[in-house]
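Structure record follows, encoded as structure tokens.
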Amino acid sequence: MPELPEVETVVRQLAPFLLGRRVCCLEILDPKLESPEKDSVGGRTILEVVRAGKQAVIRLSPLPGSTLPLWLSFHLRMTGRLIMDGWQSGQQEKHLRARLVLDRGCLNFFDVRRFGVIDIRHSPGQVRPQGLDPLSPAFTGRALAKLLCGPGRQVKPWLLRQDRLAGIGNIYASEILFHAGIDPRREVAGLTAEEIKHLHHSTRKVLRLAIENCGTTFSDFQDTRGRAGTFQDLLSVYRREAQPCRRCGEPVVRIVQQQRSTFFCPACQR
DNA sequence: ATTATATCCTGATCGC
DNA sequence: TGCGATCAGGATATAA
């Protein structure tokens with residue numbers, strides 16, 4: 001569920017409360033998340049809270065007398081939530097998988113389906129192989145064109161690959177392609193320069209708009225205060241099978257690509 | 001090199 | 001009301 005806009009929403013909300021806090025310890029409640037590095041986070045100060053692809057990453061200061069910083073990252077996968085202690089009620093205690101105990105307050109990691117991942121790394125480069133961030137200045141039309149020369153055939157599955165562009169998931173892949181007017185089954189090798197330009201523009205446009213709306217909520221996503229996003233009200237095609245296209249009125253179509261749903265308008269997307 | 005399949009989990013929903 | 005089948009926004013490993 002949480003794709004780039006949802007993780008960005010959470011990170012922006014958390015940052016002001018986490019920056020400068022001292023970490024007491026990381027408590028792991030789900031054995032699946034157990035890590036031998038767990039004890040190395042205590043005693044450090046939080047220097048930075050950023051998003052990398054779909055991950056929330058916390059940069060921690062070196063311990064006194066050392067020069068080695070540490071990176072702590074949370075990948076929310078399908079149902080993960082990062083919520084400060086006391087910011088909301090109603091979370092099920094049994095879904096609490098880990099907690100970062102701070103000098104003031106506590107960051108709780110809830111995750112119903114337990115797909116979420118916590119990584120502790122000694123350098124930022126180790127924080128999983130990530131592609132280009134679609135919102136970074138480096139993501140230009142030219143950069144996209146170059147990436148599209150790499151592996152991958154159909155454009156929609158291509159957009160889901162985190163090692164090319166980092167942060168796009170199933171919802172935004174469909175939305176971006178609708179906005180760009182490109183059929184999700186098109187082969188990337190066959191895209192014209194014009195279409196790549198549209199794809200580049202649409203990617204930034206859709207993701208930015210989603211962030212402005214604090215992400216998309218169907219049932220799972222909640223921000224760090226337990227509120228829903230509002231972008232689901234603005235979706236053009238995702239989960240709108242058989243409903244009229246907001247642009248031309250033709251029914252939206254659902255197909256399956258790589259065992260995942262894709263939604264598009266056959267009239268608007270060519 | 002790409003694509004298909006299975007897998008990691010739990011919960012909500014739908015049809016009978 | 002209950003029950004089983006199906007589906008879900010992510011990602012990876014392995015097989016084909």
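Bear in mind that the values here come from a model prediction, so they are computed numbers and not experimental data. Just so we're on the same page: letters track the sequence lines, and every chain starts at 1.
At a cut-off of 3.5 angstrom, counting only N and O atoms as typed in the model, there is a donor on one side and an acceptor on the other between the side-chain of A:Arg113 and the base of B:dC9.
Side-chain contact between A:Leu100 and A:Leu72 is present, with heavy atoms from C-beta onward closer than 4.5 Å.
The side chain of A:Arg153 places an N or O atom within less than 4.0 Å of a non-bridging phosphate oxygen (OP1 or OP2) of B:dT3. Dashed line: the shortest gap from a side-chain N or O of A:Lys54 to OP1 or OP2 of C:dG10 is under 4.0 Å. Neither OP1 nor OP2 of C:dG9 sits under 4.0 Å from any side-chain N or O of A:Thr216. In terms of phosphate contacts, A:His75 brings a side-chain nitrogen or oxygen within less than 4.0 Å of OP1 or OP2 of C:dA11. Regarding contacts with the backbone of C:dG9, a side-chain N or O of A:Tyr238 is found under 4.0 angstrom from either OP1 or OP2. Put simply, A:Lys94 has a side-chain N or O that comes within less than 4.0 Å of OP1 or OP2 on B:dG11. Between A:Arg77 and C:dA11, a side-chain N or O to OP1/OP2 separation shorter than 4.0 Å is absent. Applying the 4.0 Å criterion to OP1 and OP2 of C:dA11, one finds that A:Gln162 has a side-chain N or O inside that range. Side-chain nitrogen and oxygen atoms of A:Gln258 include none within less than 4.0 Å of the OP1 or OP2 phosphate oxygen of B:dA4. Proximity of A:His95 to the phosphate of B:dC9: no side-chain N or O atom is located under 4.0 Å from OP1 or OP2.
Shown here, B:dT3 forms a base pair with C:dA15; the pair counts as Watson-Crick or G-U wobble because both key distances fall under 3.5 Å.
Using a cut-off of 4.0 Å between Lys/Arg side-chain N and Asp/Glu carboxylate O, A:Glu8 and A:Arg12 are scored as salt-bridged. Comment: A:Asp111 does not engage A:Arg77 in a salt bridge, judged by the lack of any side-chain N to carboxylate O separation of less than 4.0 angstrom. Salt-bridge check for A:Arg185 with A:Asp183: passed, with a basic side-chain N closer than 4.0 Å to an acidic carboxylate O.
A donor atom on one side chain and an acceptor atom on the other are not found under 3.5 Å apart for A:Arg113 and A:Thr79.
Backbone-only contact: A:Gly152 has heavy atoms under 4.0 Å from sugar-phosphate atoms and none from a base.
Of the candidates C:dA8, B:dT10, B:dA4, the closest approach to any side-chain atom of A:Val112 belongs to B:dT10. Taking only side-chain atoms of A:Gln259, from C-beta outward, the nucleotide of C:dG10, B:dT10, B:dA4 with the closest atom is B:dA4.
Residue-nucleotide stacking is present for A:Phe115 and C:dG10, judged by a side-chain ring centre under 5.5 Å from the six-membered base ring centre and planes under 30° apart.
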